[in-house]
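A short write-up of the structure that comes next.
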Protein chains: 2
Amino acid sequence: MNDQLFHPHSLKVTCSNCSLRELCLPVGLSREELSQLDAVIRQSRRLKRGEYLFRSGEGFRSLFAVRTGFFKTSVASQDGREQVTGFHMSGELMGLDGISANVHGCDAIALEDSEVCELPFSRMESLGREIPSLQHHFYRLMSREIVRDQSVMLLLGNMKAEERLAAFLLNLSSRLSSRGFSANDFILRMSREEIGSFLGLKLETVSRTLSKFAQQGWLSVDHKHIKLEQPEALKALVSGCSQAPSV
Amino acid sequence: MNDQLFHPHSLKVTCSNCSLRELCLPVGLSREELSQLDAVIRQSRRLKRGEYLFRSGEGFRSLFAVRTGFFKTSVASQDGREQVTGFHMSGELMGLDGISANVHGCDAIALEDSEVCELPFSRMESLGREIPSLQHHFYRLMSREIVRDQSVMLLLGNMKAEERLAAFLLNLSSRLSSRGFSANDFILRMSREEIGSFLGLKLETVSRTLSKFAQQGWLSVDHKHIKLEQPEALKALVSGCSQAPSV
DNA sequence: CGGGAGATTGATAGGAATCAAGCAACGTGG
DNA sequence: CCACGTTGCTTGATTCCTATCAATCTCCCG
């Protein structure tokens, strides 16, 4: 029989034993500090594909770290236009935009069945006062988000369709690779339309550009399955443009 | 004679007596807390028009708050393409992107003779541990920057030239207005090319679009001098798009 | 006064959006 | 298990917006 049925606590995932710890948390925390975190962080809320983690306008209480799965965040304009502001995989934090007004500024939607940790912000804030490295870590995470946004601005402001898509694929590739997945063979979790929204393109343009890349032998596309055959060719396309951030 | 020549200290501007305090700092600080800040914040570095406050790649030590004047921040790609990531006026903070890697991620350049306060970050960080409202204030400032960046993404990803320029002018207008300047009559501190870089447009398009607005009677343009004659018309253009943030 | 940077305006070209049609995969229900 | 409708994707034809190329023009500054 399954032990887990008898000792459900043995299943409990804590920060202390989380394999993503080095992505979410500062290094060098003491055992004591880790258990303080474990006491505050609510583990493993599960979401099904398509489910909202939070919506723009909802009260902000917590940040969320992706444990497993895949999310998109997006802002919508009154007339219904949607701008995807990011895609988020394991170890990445969502909700930072909610701190400023105590209200979430974007929607966060699971693109596959997913699991998140909830970080109640005000308690993290007080904990940060006791654990300086934690405080610093949060400043760094927010700063990294700002840097990421700047590189998206560069992409949207300066690059043409081919460059945008190449940069996007390479960025995905590098983030997957740093999580132990294959860098050159992966499944897109999002639709062409969502890619287009993120890149400031229409879905037809995304589709056409993928086909063009495939035709040149740079990659192969089978629906959502992407194989990068000549990542160097893609890199050459975006070379000169600022590099995609690696996390 | 001028008193200031004899009592230069009477000129010293501190956070305690700074008129921009409500923009830079949390409200409700005690006299004691303010003097702690005064001890840390280095007042009034002066820059001439065109001067760099910091450059991308330089070591990061401090944040900078604009006291007077006007700045642009920009990121550059290897092949020389420049993306202006923001314009900054009094009370606004620059350098937040440097925290993540301890290196400045963008250039900051004065667009007119300017004055900034320097906030040594690590000392602000420790001060934040003693003054929770200060710590929270910094989180909020960074979050606000993220929200701002998201709205720029929406602008670059979804809007067309006229909408971008209208949103830009209204955003400037509202920020100037909240600082006590006229909302409908102001001087552009940046060139057409810099506006274009920020908005993802070429300078010719900026110029043409301004002319178009003027021709419709929505505003008048005299070089850098802009008068909004029918701000409602501009608002109508961007209505449906997400509103420009007010600070 | 002259040179040059910045801005305006015009003509043309090019890239992505739009409109449209057809296809493939998936899930549901008969 | 298969028909069928739905959804997402691909591909083609055309249009539209903005970039590009080019010619002036104005103002500022030395």
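Protein chains get the first letters and strands the later ones, always in sequence-line order, with residue 1 at the start of each.
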Quick one: do B:Arg67 and B:Glu118 make a salt bridge, cutoff under 4.0 Å?
no
One thing to verify: whether B:Lys72 and B:Glu82 come together as a salt bridge, which I'm taking to mean a side-chain N less than 4.0 angstrom from a carboxylate O.
yes
Nearest-angstrom distance from the residue atom [atom1] of [X] to [atom2] of [N]:
X        : N      : atom1 : atom2 : answer
A:Asn158 : C:dA16 : CG    : P     : 14 Å
B:Leu156 : D:dT18 : CG    : P     : 13 Å
A:Ile195 : D:dT10 : CD1   : C1'   : 14 Å
B:Asp222 : D:dC28 : CG    : C1'   : 14 Å
A:Glu163 : C:dG15 : CD    : P     : 11 Å
A:His225 : C:dA25 : NE2   : P     : 15 Å
B:Met159 : D:dC16 : CE    : P     : 22 Å
A:Leu155 : C:dA16 : CG    : P     : 12 Å

With under 30° as parallel and over 60° as perpendicular, where do the rings of A:His104 and A:Phe54 fit, or are they tilted in between?
parallel
Option among B:Glu162, B:Glu229, B:Gln230 that satisfies the side-chain contact (heavy atoms from CB on, under 4.5 Å) test with B:Phe213
B:Glu162
Does the ring of B:Phe181 carry B:Arg179 above it, NZ/CZ under 6.0 angstrom from centre and within 45° of its axis?
no
Salt bridge (charged side-chain N to carboxylate O under 4.0 Å, His left out) pairs, two or more places apart, involving residues 197-211 of chain B:
none
I want to know whether A:Phe71 and A:Phe87 have ring centres closer than 6.0 Å.
no
C:dT18 phosphate, OP1 or OP2: any side-chain N/O from A:Lys202 under 4.0 angstrom?
yes
To the nearest 0.5 Å, what is the distance between OG (B:Ser56) and CD (A:Gln150)?
9.0 Å
For DNA chain D, produce a single dot-bracket line, 5' to 3'. Pairs: Watson-Crick or G-U wobble, both distances under 3.5 Å. Symbols: ( ) within strand, [ ] crossing, | other strand, . unpaired.
||||||||||||||||||||||||||||||
Within the 4.0 Å heavy-atom criterion, would you say A:Gly196 contacts the bases, only the backbone, or no part of the nucleic acid?
nothing
Verify side-chain contact (heavy atoms from CB on, under 4.5 Å) between B:Leu228 and B:Phe186, making sure each step is shown before the conclusion.
CA-CA 9 Å; B:Leu228 304 187; B:Phe186 49 85; 4.1 Å; yes
Nucleic acid footprint by protein, nucleotides 5-12 of chain C - heavy-atom cut-off 4.0 Å, B for base, S for sugar-phosphate alone
--SBBBB-
